[in-house]
**Student:** 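Below is one structure. I have some questions about it.
All chains are named by letter (A, B, ...) in the order of the sequence lines, taking the proteins before the strands, and each is independently numbered beginning at 1.
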Amino acid sequence: MELMDFAPNFSIDQLTQSQKAAVLHRDGPLLILAGPGSGKTRVITSRIAQLIKDGVSPYNICAITFTNKAAEEMRQRTFDMGVTSGLQVSTFHSLCVRILRQYAQMANLEPNFSIYSDAEQKKCVKDAIADCNVASSNFMPSRVLNAISKFKNDLESVEDVAKRADGFYLEILAKIYKRYQEILLANNALDFDDLLVRTAYLLRDRPEVRSELSRRFQYLMVDEYQDTNHTQYQIAKGLSIEHGNICVTGDPDQSIYRWRGADIANILAFEKDYPNAKVVKLEENFRSTPEILSVADKLIANNSKRKEKRLIATCESGNKVETNVYSDEQEESLAVARKIKSLISSGANLNEIAVLYRVNSMSRALEEAFVNEQIPYSIVRGVEFYSRKEIRDMIAYLKLIANPSDNVALERIINTPARGIGKTSLGRVADYAKARKISMYEAVTSVAFIDTISKAAQSKIAKFGHMIHKFTKLLDEPSCGIADLMETVYLESGMSDSLKPNERGEDTARANVDELISSAAKYDKETESQQTSLFDYLQSIALYSDTDAYDANSPTVSLMTLHAAKGLEFENAFIVGLEEGLLPHERSKENPEELEEERRLFFVGITRAKRNLNISYAKYRSMRGMLNRTIPSKFLYEIGMSPQNAYANSYGSQDSFTSKPKKTSDYVPKPKSTALYRAGDSVRHSKFGLGKVKEYLDLGEKSVVTVRFDSGQTKALLLKYAKLDKIG
DNA sequence: GTGAATCATCTTTTT
DNA sequence: GATGATTCAC
């Protein structure tokens, strides 16, 4: 019995009535409907502390968060309350890895399985499509992968899909799905979704495992329940079915992962699902000003599928929500940058400011403006680092060392850096392995027996095999940390010699690997006391997420997508690009449910702001190198901001139009007097061919020519970039 | 078998 | 406009 694990630094006195109700409801199912800024995290941590105070061992409590970052924060908070050990706090994925490792045998798994993320999944799905002999033009790997992911999110096995397949498309899809799973099995690998799926099956098919885990996790808490998919739902149910102590928290209005398989019905139907559930609503908002909340409220009222819930403001009144319109994204970015500068000069800290946008590519214009205006910023995109070529190569070495069955890793590095092992030889190794049902690494170690391969190639391949074998040996030495191993691999594999500076003389690739090694050294140090393995390290990278890179204390302005902003809050928030096709996004327009999700996404964005919120859009925006005239987002109308008078205007403030005389005009270049083109002019474009000018907007440097081409399409082109010749 | 160069394709959000 | 596949010269 651990006696030190009560929570002496915790008191319930400061909580509101409804918060207390949520904390004190101890046994049985509990649904906490928590609006934005309602102190949800505080309630969950208080609940944990209260349970422990009541005599429950931390060892018997399991909290599931949405991101690693949130888990880390919760650990810190409960630690501050005096909870010192034993608590299980993690994401669904991390928890599943843990369970699958512990019960590997029962789950029919080798415990050193690889975890495949997008690039590796794509490779496997491509191979699967090729093996099924289907015209890959009809079955694009990304589409197929999406479909497979959907099956897995809905907990549909290969057999389930094959059984319900009624048409050609689904039949082929089932075939590819089957082959894809076989490939993963051969590689001793699981993809992201498999981590969940395999755990769900384990809980379903092995009552003894389910019982053991139920006894271990007697109190289960799931945060962000509105964004769980069906498989996660089944896992939560499986873990709690024997004791019924399941507490879920979430907000249907903040569900933004439908596209990833999240099923909002999980939270909407919780009471039906658990008939004796207690429901607590947390409707008070302790984060934002009434001005911000009223905008959020107006917006979300347009959604039909929701649970009625109020937003009760408790903060003092503050500034009006600002809406601005700019001529293009450069001007928008510059204006945001200057507004940030003025916020800073009036005392704001850099880390209290965030700029939010719908798609990652929108960070580009903002970055440029921030560099020009010399504003320190950081882009919250953690996974980007790990998707770099040189980093992926290094990781592939480690993956192969940890899991010799990982053919995808082997294929990636057998000739990286170039060792003279080409496609032909590799293909023969693969054939040999396939025929004998062994891994490619095993085939490599016995390459001398593969007589289809030339002696010269054999010796190169054997040399590679010996090198990997040597690395594997290193792993057995207890003194060898991940960073040491990495460094050895880096030097002895030839990776270090092969990385060259780019055209501009920047040695970024090398710097990246250095960063990887030092981050591994940090990992070694942090996990010194525990006995961690290469597997644990690889797992932590595989499940690394964008928001994990967010550091609330770093003195920089944060740039991130609206999705990444989930769960965060900022004194000052800017939301840019309120345009049709962007927010709501083009791809969500046909489906009313997806439109509602876009609205929720904007709702999430608005409610991140504590005191100042600034919303903007640009009249022209270039997407994939093409300048387009935009249409203001319908969401602007819904929040009562008519874009016509939104120009440098403040919402709800009658006089601000005159008090702020066209601040934006500072950045509009003066029109030139001589028009270069006139409507009706014939022109030739290097790519689109012949056409006639429909409209010419004379804006000097930023002049826009709208041309109707003979091909039928009409394009608005930025004169500066358009390769346009006037004819006649 | 290698590396440069060109072509084609896709382009929302991410654990 | 970036990434991946293909092609071509060596």
Side-chain angles (χ1 to χ4, degrees), chain A residues 64-71 90-97 115-119 121-123 126 136-137 140-143 145-146 149 152-153 190-197 224 227-229 231-232 255-262 356-364 380-384 386-389 414-427 454 456-457 460 498 500 503 539-549 560-566 577 581-589 594 597-598 600-602 604-605 622-626 687 721:
Chain A
I64 299 174
T65 57
F66 195 71
T67 62
N68 298 308
K69 193 87 194 167
S90 61
T91 62
F92 263 109
H93 286 84
S94 300
L95 177 69
C96 289
V97 171
I115 300 170
Y116 278 179
S117 47
D118 8 302
Q121 287 182 53
K122 213 167 175 185
K123 162 103 178 52
K126 262 184 205 163
S136 60
S137 54
M140 276 154 41
S142 58
R143 299 242 159 206
L145 206 50
N146 256 331
S149 180
K152 292 182 177 182
N153 287 156
L190 301 182
D191 66 17
F192 275 133
D193 302 315
D194 279 338
L195 297 173
L196 304 172
V197 169
E224 308 284 9
D227 279 322
T228 50
N229 62 35
T231 304
Q232 289 166 328
S255 165
I256 54 175
Y257 282 96
R258 196 188 107 98
W259 53 274
R260 208 172 73 184
L356 312 177
Y357 39 80
R358 177 67 236 263
V359 297
N360 280 302
S361 61
M362 291 168 74
S363 68
R364 214 192 178 81
V380 178
R381 256 211 119 185
V383 292
E384 211 168 50
Y386 291 100
S387 60
R388 301 219 151 96
K389 263 184 245 65
I414 192 164
N415 200 33
T416 312
R419 303 188 170 90
I421 305 170
K423 232 180 170 178
T424 342
S425 308
L426 187 60
S454 71
K460 288 175 192 162
S498 74
K500 285 179 227 140
E503 322 77 56
Q539 187 252 95
S540 76
I541 316 187
L543 301 182
Y544 193 77
S545 72
D546 275 355
T547 16
D548 296 346
M560 68 186 95
T561 62
L562 287 159
H563 282 92
K566 177 188 174 116
L582 212 45
L583 187 61
H585 195 271
E586 196 64 49
R587 303 267 280 244
S588 62
K589 280 198 157 159
E594 282 180 36
E597 174 145 315
E598 294 289 308
R600 290 193 293 266
L601 189 57
F602 186 30
V604 167
S622 38
M623 300 287 277
R624 26 179 213 253
M626 187 81 64
K687 202 165 160 191
Y721 303 124

**Student:** Show me the protein contacts with nucleotides 3-10 of chain C, counting only N or O atoms at under 3.5 Å.
**Tutor:**
from	atom 1	to	atom 2	distance (Å)
C:dA5	OP1	A:Lys126	NZ	2.8

**Student:** Considering only heavy atoms from C-beta outward, does the side chain of A:Lys152 approach that of A:Thr231 to under 4.5 Å?
**Tutor:**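 Counting from C-beta outward, A:Lys152 and A:Thr231 never come under 4.5 Å.
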
**Student:** What closest approach, in Å, do A:Asn415 and A:Gly420 show between heavy atoms, and which atom pair accounts for it?
**Tutor:**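 Closest heavy-atom pair between A:Asn415 and A:Gly420: OD1-N, 3.3 Å.
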
**Student:** Hey, does A:Arg600 reach any base, or is it just sugar-phosphate, or nothing, if we go heavy atoms under 4.0 Å?
**Tutor:**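 Nothing, no nucleic acid heavy atom in range.
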
**Student:** Could you tell me which residues satisfy side-chain contact (heavy atoms from CB on, under 4.5 Å) with A:Asn153, sequence neighbours excluded, listed by chain and number?
**Tutor:**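 side-chain contact (heavy atoms from CB on, under 4.5 Å) check on A:Asn153 returns A:Ser149, A:Asp193, A:Asn229.
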
**Student:** Taking protein heavy atoms under 4.0 Å as touching, what does nucleotides 10-15 of chain B look like 5' to 3' if B marks base contact, S marks sugar-phosphate-only contact and - marks none?
**Tutor:** SBBBBB

**Student:** Using atom P of each nucleotide, how far apart are B:dT13 and C:dG4 to the nearest Å?
**Tutor:**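 The answer is 16 Å between these two P atoms.
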
**Student:** If we only count heavy atoms from C-beta on, is the A:Arg587 to A:Trp259 side-chain gap below 4.5 Å?
**Tutor:**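 Not touching, per the 4.5 Å side-chain cut-off.
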
**Student:** Are the side chains of A:Arg143 and A:Pro141 in touch, meaning some heavy atoms are under 4.5 Å apart?
**Tutor:**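 With C-beta onward as the side chain, the pair stays apart.
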
**Student:** Tell me, do A:Leu356 and A:Thr561 make a side-chain contact under 4.5 Å, heavy atoms counted?
**Tutor:**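 No - every pair of side-chain heavy atoms lies 4.5 Å or more apart.
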
**Student:** With the threshold set at 4.0 Å, does a side-chain nitrogen-carboxylate oxygen contact exist between A:Asp227 and A:Lys566?
**Tutor:**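 Between A:Lys566 and A:Asp227 there is a salt bridge, with a charged N closer than 4.0 Å to a carboxylate O.
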
**Student:** Are A:Pro584 and A:Glu597 close enough that some pair of their side-chain heavy atoms sits under 4.5 Å apart?
**Tutor:**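 Side chain of A:Pro584 against side chain of A:Glu597, heavy atoms only: no contact under 4.5 Å found.
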
